[in-house]
Amino acid sequence: MPELPEVETTKNELSPWLRGQNFTQVIIFDPKLIFNASVKEFCRQLIMQRIEKINRRGKYLIFNLTSEQVLIMHLRMTGALLVNPKRIDSYARAAFNFSNGIQVVFSDRRRLGILYLVRNADAVVGKLGPEPLDKNFTPSTLAKILKRHHIPIKAALIDQNLIAGIGNMYADEILFASRINPLQKADALSIQEIQILHHCTCKILQSAINDKGASVDTYTRPSGHLGAAQSNFKVAHRYGEICTICSTPLQRVSVRGRGSYFCPHCQPPA
DNA sequence: CTTGGGACCTGGCTGC
DNA sequence: TGCAGCCAGGTCCCAA
C-alpha cells in the first residue's frame, strides 16, 4: 500500500522525468478517477500546462503547474504511476503524454485512487497533520498531539489529521520498534515512550525511503522496479509467523477496523 | 470529543 | 469447477 515512503519514492523517481515538461495529451480511461470535474474540463485545463515541481504532502502527490492550478494525486490502496510501461492493461485509469515523449500511466487495480485539479492545494491537503520527517516535527510536537487524544496509539498514528503519511503497515512497524502495544491509549504514553516513538517513526520511515518503499500487494516504482523495504518488516504482513526477537507467535487485533499485528511479549498491554 | 459502522473497489481466499 | 461470502485498507461520511 502506498504510504509516505512509497509516495516519496514515486515523487523522487518521477521528478527527473517530468520537471519542466508540458502535458501534450491527457487520456482518461475511467471518469471516476477525477474528483469533482468533468473529464473534458479536466483534460482541457491540463493540456499544455508545464510541471514546475512535484511535491509530497502526507500520502498526496502535488504537481505545481505554470497556471494558478495544482494537480493533486492520491494513490490510495493500489495506485501506481508508471513511466513508459510496456503495455497499457485493464488497470490503467489514465495516461499522460509529455513534451519529452514519455508517457506516465496511472494504474490502479482497485480503482480507489483520485485526482484533483484545484486552485489552492490546501483545499485538499489543508487539514493534514505535520510531516513526520520535517525538522519541526519534534518529540514535543508529538507529545502535544498525543496528549489531546484518548484513543489507541495505533489509531492516532494512522489518523492523517494528527500526523500525515503513516498508514497501517508502517504504524505496526513503528509500534513494534517502539515496543508499544497498539491498544495503549495515546494520552497515556510517558514522555520517555513518546521520545522512543518519535525516534522510531523517523527511523522506520527514512529507512523505508532509502529502500525505495515496500512492494507488498501491487506497489511498484515508476520505473517498474520493486521497493525493498518489506524485507525489513518485523510484524506487517507477517501474520502467522513468530517474533524475530523473542519467537513468540505474532498476534492480530482489530483497531478501528484495521488489522494490527504485534508481538504480545515485546509489546505487552499497559 | 470518541466510537462504530457503511461506502467505495476488486483480487484473492475460504467453504460448500 | 463454480459460486457466495468475506477480507484487505485509505479516506470520507454519518449516527450515536
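Below, all heavy atoms of this structure are taken into account, side chains as well, without hydrogens, waters or symmetry copies. A, B, ... follow the sequence lines: proteins, then strands. Residue 1 opens every chain. Small disclaimer: the values here were computed from a predicted structure and weren't measured.
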Check: protein-nucleotides 5-8 of chain C nitrogen or oxygen pairs below 3.5 Å:
residue: C:dA8; atom: OP1; partner: A:Arg252; partner atom: NE; Å: 3.4
residue: C:dA8; atom: OP1; partner: A:Arg252; partner atom: NH2; Å: 2.4
residue: C:dA8; atom: OP2; partner: A:Arg252; partner atom: NH2; Å: 3.3
residue: C:dA8; atom: N3; partner: A:Arg110; partner atom: NH1; Å: 3.3
residue: C:dA8; atom: N3; partner: A:Arg110; partner atom: NH2; Å: 3.4

Original post:
For the side chain of A:Asn22 and the backbone of A:Met48, is there at least one donor-acceptor N/O pair under 3.5 Å apart?
Top reply: yes
Subject >> Non-neighbouring partners of A:Arg148 that pass salt bridge (Lys or Arg N to Asp or Glu O under 4.0 Å), sequence neighbours left out >> reply: none
**OP:** Have a look at A:Tyr239 and say if it touches a base, only the backbone sugar-phosphate, or nothing, with a 4.0 Å heavy-atom cut-off.
**Re:** nothing
Original post:
Taking protein heavy atoms under 4.0 Å as touching, what does nucleotides 11-16 of chain C look like 5' to 3' if B marks base contact, S marks sugar-phosphate-only contact and - marks none?
Top reply: BS----
Original post:
Residues sharing A:Val255's hydrophobic cluster, by side-chain heavy-atom contacts under 4.5 Å among ILVMFWY, directly or via others?
Top reply: A:Leu183, A:Val253, A:Phe262
Got a list of protein N/O to nucleotides 1-5 of chain B N/O distances below 3.5 Å?
residue: B:dT2; atom: OP1; partner: A:His149; partner atom: ND1; Å: 2.8
residue: B:dT3; atom: OP2; partner: A:Arg256; partner atom: NH1; Å: 2.9
residue: B:dT3; atom: OP2; partner: A:Arg256; partner atom: NH2; Å: 3.0

Subject >> Donor-acceptor pair, side chain of A:Arg221 and main chain of A:Leu226, under 3.5 angstrom >> reply: yes
**OP:** Applying ring pair (Phe, Tyr, Trp, His ring centres under 6.0 Å), name anything that partners A:Phe42, two or more places apart in sequence or on another chain.
**Re:** none
Original post:
If Ile, Leu, Val, Met, Phe, Trp and Tyr residues are connected whenever their side-chain heavy atoms lie under 4.5 Å apart, and connections chain through other members, are A:Ile54 and A:Leu75 in the same group?
Top reply: yes
**OP:** Tell me, please, which residues at least two apart from A:Lys11 pass salt bridge (Lys or Arg N to Asp or Glu O under 4.0 Å).
**Re:** A:Glu8
Subject >> Nearest-Å distance for atom pair CG/P, residues A:Asp172 and C:dG10 >> reply: 10 Å
Subject >> A:Arg93 CZ to B:dC8 P, straight-line distance once rounded to whole Å >> reply: 14 Å
**OP:** Indicate the ring-plane relationship of A:Tyr239 and A:Tyr261, choosing parallel, tilted or perpendicular according to the 30° and 60° boundaries.
**Re:** tilted
Taking only N/O atoms, report every protein-nucleotides 13-15 of chain B pair under 3.5 Å with atom names and distance.
none

Subject >> A:Glu173 with A:Lys234: basic N within carboxylate O range, under 4.0 Å >> reply: no
Subject >> Nearest-Å distance for atom pair CG/P, residues A:Leu112 and B:dT10 >> reply: 8 Å
**OP:** Only counting residues at least two apart or in another chain, list the ones meeting salt bridge (Lys or Arg N to Asp or Glu O under 4.0 Å) with A:Lys59.
**Re:** none
Let me check something: any side-chain donor-acceptor pairs from residues 157-169 of chain A under 3.5 Å, sequence neighbours excluded? List them with distances.
residue: A:Asp159; atom: OD1; partner: A:Asn161; partner atom: N; Å: 2.9
residue: A:Gln160; atom: OE1; partner: A:Gly165; partner atom: N; Å: 2.8
residue: A:Gln160; atom: NE2; partner: A:Ile158; partner atom: O; Å: 3.1
residue: A:Gln160; atom: NE2; partner: A:Ile166; partner atom: O; Å: 2.9
residue: A:Asn168; atom: OD1; partner: A:Lys154; partner atom: NZ; Å: 2.8
residue: A:Asn168; atom: ND2; partner: A:Gly259; partner atom: O; Å: 2.9

Original post:
In chain order, what residues pass the salt bridge (Lys or Arg N to Asp or Glu O under 4.0 Å) check against A:Arg258, with sequence neighbours excluded?
Top reply: none
Subject >> Residue list, ring pair (Phe, Tyr, Trp, His ring centres under 6.0 Å) with A:Phe29, at least two apart or on another chain >> reply: none
